[in-house]
Chemist: 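Next up is a structure, given as structure tokens.
For the single chain, residues carry numbers from 1 onward in sequence order. Source: prediction; values computed, not measured.
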Amino acid sequence: MRRRHVLAAGGVLAGTAVTGRLTRPPGDDDLLEGARDPGNAGEATVRTEVILPGTDHETPLYEIDAPADGPTAMVFGGVHGDERNGIDVAREATGWHPDAGTLVVVPETNRVAVEHDTREGTDGDLNRHFPADGEPTSDLARGLWDAVERHRPDVVLDLHRSLGIYGVHPSYVGQAIFHSPGADGDAIAAHLDDVGVPWYMPLHRFTAVAGSMSGSLLFQKAYRDLDATAYLFETTEFLLDRAAMNELTRLATATILERHGLLEREDIR
């Protein structure tokens, strides 16, 4: 396991109390540079559409088509409007260049909640509006689901942030990757531990959870209705600042896209 991890300026080590910005070992630069650089295949084609135009929920969707054929992945940030790491990284991903397939990104999924920096929007918790036994239960959820059905993703990733750590703090689910059956959750969690979690922060190692897919979450409906490989990513605010949460979210997003064939590392192009 590589141990070249640093919690940078402003970090304090007192027992296990560490906070600061994670830096990446060089191998992960290859992956993220590959995401940001169009490479030899050429520029991706970007198309923008608007979900629920003319309403309070109006929000942009970005479709980024690679020069080469491949799978379609959808990435959602801001389902909960106060979880800024997912919003930040999804916004960044709108400028990435997939090597194959199509990357579809909705950075501010619940725009009203994002604007007010609140977990919930006007209709409550958006991520409880996709029940197993029927249609989405709010206008925003229905508009989002219409977009999902139009794009028919092979992979869905929903980006979140918790206040504690799964298995350590009751009721909190940070540092976990919830995934559909047969997904690459274990391998993704192991990779994030290797490149993103310092050895002196063992509580922050990631847990992969193949949870029940019968609930009312967006990624669960994508699996049930479209047979998509689906992930819900949760980092934690516990002992991490926003830059550190963003870094883990960025690494998770790029790793999932790489494992599903949309991204290649810079050094193997």
Side-chain angles (χ1 to χ4, degrees), residues 7-11 18-24 28 32 35-36 48 50-52 56-62 64 73-96 103-129 140-141 144 156-166 169 171-178 188 192 196-197 201 203-204 206 217-219 231-257:
L7 284 172
V18 182
T19 183
R21 184 173 69 84
L22 290 172
T23 59
R24 296 184 309 276
D28 296 290
L32 292 174
R36 295 166 178 149
T48 305
V50 177
I51 297 171
L52 293 171
D56 291 342
H57 301 300
E58 178 179 305
T59 195
L61 175 152
Y62 300 83
I64 307 157
M74 290 191 81
V75 176
F76 293 90
V79 168
H80 295 142
D82 61 347
E83 297 178 5
R84 310 306 295 190
N85 58 298
I87 300 163
D88 291 346
V89 172
R91 286 172 175 164
E92 179 184 324
T94 66
W96 287 3
L103 174 60
V104 181
V105 186
V106 186
E108 300 180 6
T109 306
N110 191 343
R111 192 174 64 84
V112 173
V114 172
E115 289 179 350
H116 290 88
D117 197 27
T118 57
R119 176 181 174 87
E120 299 182 357
T122 55
D123 298 314
D125 187 342
L126 173 61
N127 214 23
R128 301 298 184 274
H129 292 177
L140 175 54
L144 290 170
V156 169
L157 171 60
D158 192 7
L159 300 173
H160 287 265
R161 179 272 298 146
S162 184
L163 302 178
I165 295 177
Y166 182 86
H169 301 112
S171 303
Y172 293 120
V173 293
Q175 302 305 98
I177 302 169
F178 297 87
I188 293 163
L192 293 180
V197 180
M201 297 183 76
L203 293 181
H204 285 71
F206 280 90
L217 309 186
L218 174 58
F219 92 116
Y231 300 91
L232 187 149
F233 173 81
E234 294 267 8
T235 190
T236 183
E237 193 172 287
F238 178 67
L239 301 182
L240 298 179
D241 64 12
R242 183 166 170 177
M245 290 186 288
N246 282 6
E247 185 65 2
L248 290 173
T249 306
R250 184 179 298 113
L251 286 169
T253 302
T255 299
I256 288 169
L257 295 179

Chemist: Go through the steps for Phe178 and Leu217 under the test side chain to side chain contact (heavy atoms under 4.5 Å, CB included), then give the verdict.
Modeler: CA-CA 11 Å; Phe178 297 87; Leu217 309 186; over 6 Å; no

Chemist: Under the side-chain contact (heavy atoms from CB on, under 4.5 Å) test against Thr122, which residue among Asp56, Asn110, Val112 passes?
Modeler: Val112

Chemist: Please check: side-chain N/O of Arg161 versus main-chain N/O of Asp82, any donor-acceptor pairing under 3.5 Å?
Modeler: yes

Chemist: I'd like to know if Arg250 and Asp88 make a salt bridge, using a cut-off of under 4.0 Å between side-chain N and carboxylate O.
Modeler: no

Chemist: If the condition is salt bridge (Lys or Arg N to Asp or Glu O under 4.0 Å), which residues does Glu58 pass it with, not counting sequence neighbours?
Modeler: none

Chemist: When you check the side-chain N and O atoms of His160 and Glu83, is any donor under 3.5 Å from an acceptor?
Modeler: yes

Chemist: Who passes side-chain contact (heavy atoms from CB on, under 4.5 Å) against Leu52, sequence neighbours left out?
Modeler: Thr55, His57, Leu140

Chemist: Do the side chains of Ile177 and Leu192 get nearer than 4.5 Å, heavy atoms only?
Modeler: yes

Chemist: Counting N and O atoms only, with roles assigned by atom type, does the side chain of Arg242 sit under 3.5 Å from a partner on the main chain of Asn85, one being a donor and the other an acceptor?
Modeler: no

Chemist: Tell me the closest heavy-atom pair linking Phe206 and Ala176, and the distance in Å.
Modeler: CD2-N, 3.7 Å

Chemist: On a heavy-atom basis, which atom in His169 and which in Gly164 lie closest, and how many Å separate them?
Modeler: ND1-CA, 3.4 Å

Chemist: Spell out, as yes or no, whether a donor-acceptor pair under 3.5 Å connects the side chain of Thr59 to the backbone of Arg111.
Modeler: no

Chemist: Can you tell me which residue among Leu159, Val104, Val156, Leu61 is in a side-chain contact (heavy atoms from CB on, under 4.5 Å) with Phe76?
Modeler: Val156

Chemist: Of all the heavy-atom pairs spanning Val106 and Thr109, show the shortest one and how long it is.
Modeler: O-OG1, 3.3 Å

Chemist: If you compare all heavy atoms of Ala141 against all heavy atoms of His129, which two are closest, and at what distance to 0.1 Å?
Modeler: CB-CB, 3.6 Å

Chemist: Would you give the length of the straight line joining atom CG of Leu240 to atom NE2 of His204, rounded to the nearest 0.5 angstrom?
Modeler: 4.0 Å

Chemist: Shortest non-hydrogen contact from Pro60 to Thr48?
Modeler: CB-CG2, 4.4 Å

Chemist: Do Glu237 and Ser162 pair up side chain to side chain, a donor and an acceptor below 3.5 Å, judged on atom types alone?
Modeler: no

Chemist: Under the side chain to side chain donor-acceptor pair (under 3.5 Å) test against His80, which residue among Thr118, Asn127, Asp125 passes?
Modeler: Asp125

Chemist: If you apply the rule ring-ring contact (aromatic ring centres under 6.0 Å, His included), what do you find for Phe219 with Phe233, and how did you get there?
Modeler: CA-CA 10 Å; Phe219 92 116; Phe233 173 81; over 10 Å; no

Chemist: Test Thr235 against Gln175 for side chain to side chain contact (heavy atoms under 4.5 Å, CB included), laying out the working first.
Modeler: CA-CA 4 Å; Thr235 190; Gln175 302 305 98; 2.7 Å; yes

